[in-house]
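Read the structure below first, then the notes.
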Amino acid sequence: MNPKGRWIDDLHWHTDLQLTLVTKGSAVIQVNSDKYDFNAGEAVFINSSTMHSVADLSEDGEYVSFNFPYKVLSFFQGSLMEQNYVLPYTAYGRMPMVEIRPTGEWQCKALEILKELEKIFSDTPKGKEYYVAIKLAELWYYIVDNYDKDSEVQPSKTLHSQLRLQEMLKFIYLNYDQDISLNNITYYASVSKAEGSRIFRELLHTSPYSFLKEYRINKSIELLYSDMPIAEVASKVGFSSQSNFTAAFKQTMGCTPKQFRQKGTKGDENG
């Protein structure tokens, strides 16, 4: 992680499917509103448009993520594979995530494939693209062949709330450096302030304001590794004054921005 901690707690989503393998140490990965502990040698599949982040990473922690479009698994549009084994699992939020731990035969096979893919991407063998596609298809077969449909817990109401939450998060990500209000955030998702707050509490266990504040603090951390004046950092991430920024930073991080910067500088010198 460069700088250390970058991207931690950065809740996001994308249209690609994702497989994340923890290669060293441990990581806490958040998927929608839940958090899961993973140790080295364990992995997780995260579906398209599913909110996720690395909520925490151990001091020695490392992980690798493979992002790819579902079409890689379909072979061609309208194929039987797409109709029977891809869209039924990737569409409509029916399978948000699958934990892959070395507890059974298929999981061990899937983890071996992920370790092999990691090795492939550190090299550039001829025909790599075909081999990667073949291995992804094999890994996908293990996932869908062993997926327990009875475990689906994504009712339409929850999915509807998740889509509204994503709209509100989009607004925050695009405008966190501006003076924005709860009304601005919820208006963007076409919900009332009360409904927007309820969705945040239900899915993220926090309020829109608290999420905005923590997101601004996370963005400021990247800037504090530069020589930008702290007052300018505060302005760049949407705080009205340096004093407000310092108070919020200390409440979240346990130290002032100046102290954080000093620790980072000492770490660079020692490293």
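Note that these values count all heavy atoms, side chains included, but never hydrogens, waters or copies made by symmetry.
- Annotation: side chain of I120 is in contact with side chain of V132 (closest heavy-atom distance under 4.5 Å).
- E202 and H205 get closest at one heavy-atom pair: O-CE1, 3.7 Å.
- Salt-bridge annotation for K115 and E118: absent, with no side-chain N of the basic residue lying under 4.0 Å from a carboxylate O of the acidic one.
- A chain of hydrophobic side-chain contacts below 4.5 Å, direct or via other Ile, Leu, Val, Met, Phe, Trp or Tyr residues, connects Y131 to L136.
- Between K119 and E116 there is no salt bridge, since none of the side-chain N atoms of the basic residue sits less than 4.0 Å from a carboxylate O of the acidic one.
- Aromatic ring orientation, F239 versus F245: tilted (interplanar angle from 30° to 60°).
- In this structure, the side chain of S226 engages the main chain of L223 through a donor-acceptor pair within 3.5 Å.
- R261 forms no cation-pi arrangement with Y225, by the criterion of a distance under 6.0 Å to the ring centre and an angle within 45° of the ring axis.
- The OG1 atom of T23 sits 6.0 Å away from atom CG of L21, with the distance rounded to the nearest 0.5 Å.
- Once rounded to the nearest 0.5 Å, the distance linking CE of M95 with OG of S48 reads 11.0 Å.
- S210 places no side-chain N or O within donor-acceptor distance of the main-chain N or O of T206, the cut-off being under 3.5 Å.
- Closest of all the heavy-atom pairs between A27 and L57 is CB-CD1, 3.7 Å.
- Side-chain contact between S65 and Q18 is present, with at least one heavy-atom pair separated by less than 4.5 Å.
- By the rule that hydrophobic residues join a cluster once side-chain heavy atoms approach within less than 4.5 Å of another member, L73 and Y147 end up as members of one cluster.
- Of the inter-residue distances, the one linking M97 atom CE with F45 atom CZ reads 10.0 Å to the nearest 0.5 angstrom.
- Placement of V28 and I46 in two distinct hydrophobic clusters is found when ILVMFWY residues are connected by side-chain heavy-atom separations under 4.5 Å, directly or transitively.
- The backbone N or O of Y209 lies less than 3.5 Å from no partner atom in the side chain of E214, so there is not a single donor-acceptor pair.
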Subject >> Worked check of side chain to side chain contact (heavy atoms under 4.5 Å, CB included) between Q166 and L163 >> reply: CA-CA 5 Å; Q166 289 179 355; L163 294 174; 4.0 Å; yes
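- At a threshold of 4.5 Å between non-hydrogen side-chain atoms, the residues F171 and Y187 do not count as touching.
- Within the 4.5 Å cutoff, side-chain heavy atoms of K263 are placed close to those of C255.
- Side chain of N244 to main chain of S240: no donor-acceptor pair is present (N/O by atom type, distance under 3.5 Å, no hydrogens or angles).
- Listed for the E195 side chain is no donor-acceptor partner under 3.5 Å among the backbone atoms of S192.
- For Y173 and Y215, the ring centers sit closer than 6.0 Å to each other.
- Two residues are said to be in side-chain contact when any heavy atoms from C-beta on lie closer than 4.5 Å; S197 and P208 meet this criterion.
- Distance check: F249 CZ to I230 CD1 gives 8.5 Å after rounding to the nearest 0.5 Å.
- In this pair, F66 and F121 present their aromatic rings tilted. The plane angle is within the 30 to 60° band.
- Between R101 and F38, the closest side-chain pair of non-hydrogen atoms falls below 4.5 Å.
- Nearest heavy atoms, Y85 versus V144: O-CG1, 3.8 Å.
- Across all non-hydrogen atoms, the minimal contact from L114 to A43 is CD1-CB, 3.5 Å.
- Other residues, nucleotides and ligands contribute over 12 non-hydrogen atoms within 6.0 Å of the CG atom of D145.
- The nearest pair of heavy atoms linking R216 to Y176 is NE-O, 2.7 Å.
- Annotation: side chain of W140 is in contact with side chain of T90 (closest heavy-atom distance under 4.5 Å).
- A 6.0 Å sphere centred on OH of Y36 holds more than 12 heavy atoms belonging to other residues, nucleotides or ligands.
- The environment of D60 atom CG is dense: over 12 non-hydrogen atoms of other residues, nucleotides or ligands sit within 6.0 angstrom.
- With hydrogens and angles disregarded, a donor-acceptor distance shorter than 3.5 Å links the side chain of N146 to the backbone of Y142.
- Side-chain atoms of Q30 come within 3.5 Å of backbone atoms of N32 as a donor-acceptor pair (strictly under, hydrogens ignored).
- Following chains of ILVMFWY side-chain contacts shorter than 4.5 Å, one can reach I221 starting from M228, so the two form part of one hydrophobic cluster.
- One distance of note links CG of L182 with CD1 of I185; it measures 6.0 Å at 0.5 Å rounding.
- The backbone N or O of I217 lies less than 3.5 Å from a partner atom in the side chain of S220, making a donor-acceptor pair.
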**OP:** Step by step, work out the side chain to side chain contact (heavy atoms under 4.5 Å, CB included) result for K24 and Y63.
**Re:** CA-CA 7 Å; K24 290 183 181 178; Y63 63 91; over 6 Å; no
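- Residues V44 and V98 form no side-chain contact, since every pair of their non-hydrogen atoms from C-beta on lies 4.5 Å or further apart.
- V86 is connected to F68 through a chain of hydrophobic side-chain contacts under 4.5 Å among Ile, Leu, Val, Met, Phe, Trp and Tyr, so both are in one cluster.
- Between E138 and K135, at least one side-chain nitrogen of the basic residue sits less than 4.0 Å from a carboxylate oxygen of the acidic one, meeting the salt-bridge criterion.
- In this structure, the side chain of S79 engages the main chain of S74 through a donor-acceptor pair within 3.5 Å.
- Residues L165 and L204 share a closest heavy-atom pair of CD2-CG, 3.8 Å.
- Between atom CD1 of residue I100 and atom CD of residue E42 there is a gap of 10.5 Å, rounded to the nearest 0.5 Å.
- No hydrogens or angles considered: nothing links the side chains of N47 and T50 as a donor-acceptor pair under 3.5 Å.
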Original post:
Could you go step by step and tell me if L17 and N67 meet the side chain to side chain contact (heavy atoms under 4.5 Å, CB included) rule?
Top reply: CA-CA 6 Å; L17 309 178; N67 293 359; over 6 Å; no
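- A donor-acceptor contact shorter than 3.5 Å links the side chain of S58 to the backbone of S26.
- Between the side chains of Q259 and K250, not a single donor N or O lies within less than 3.5 Å of an accepting N or O.
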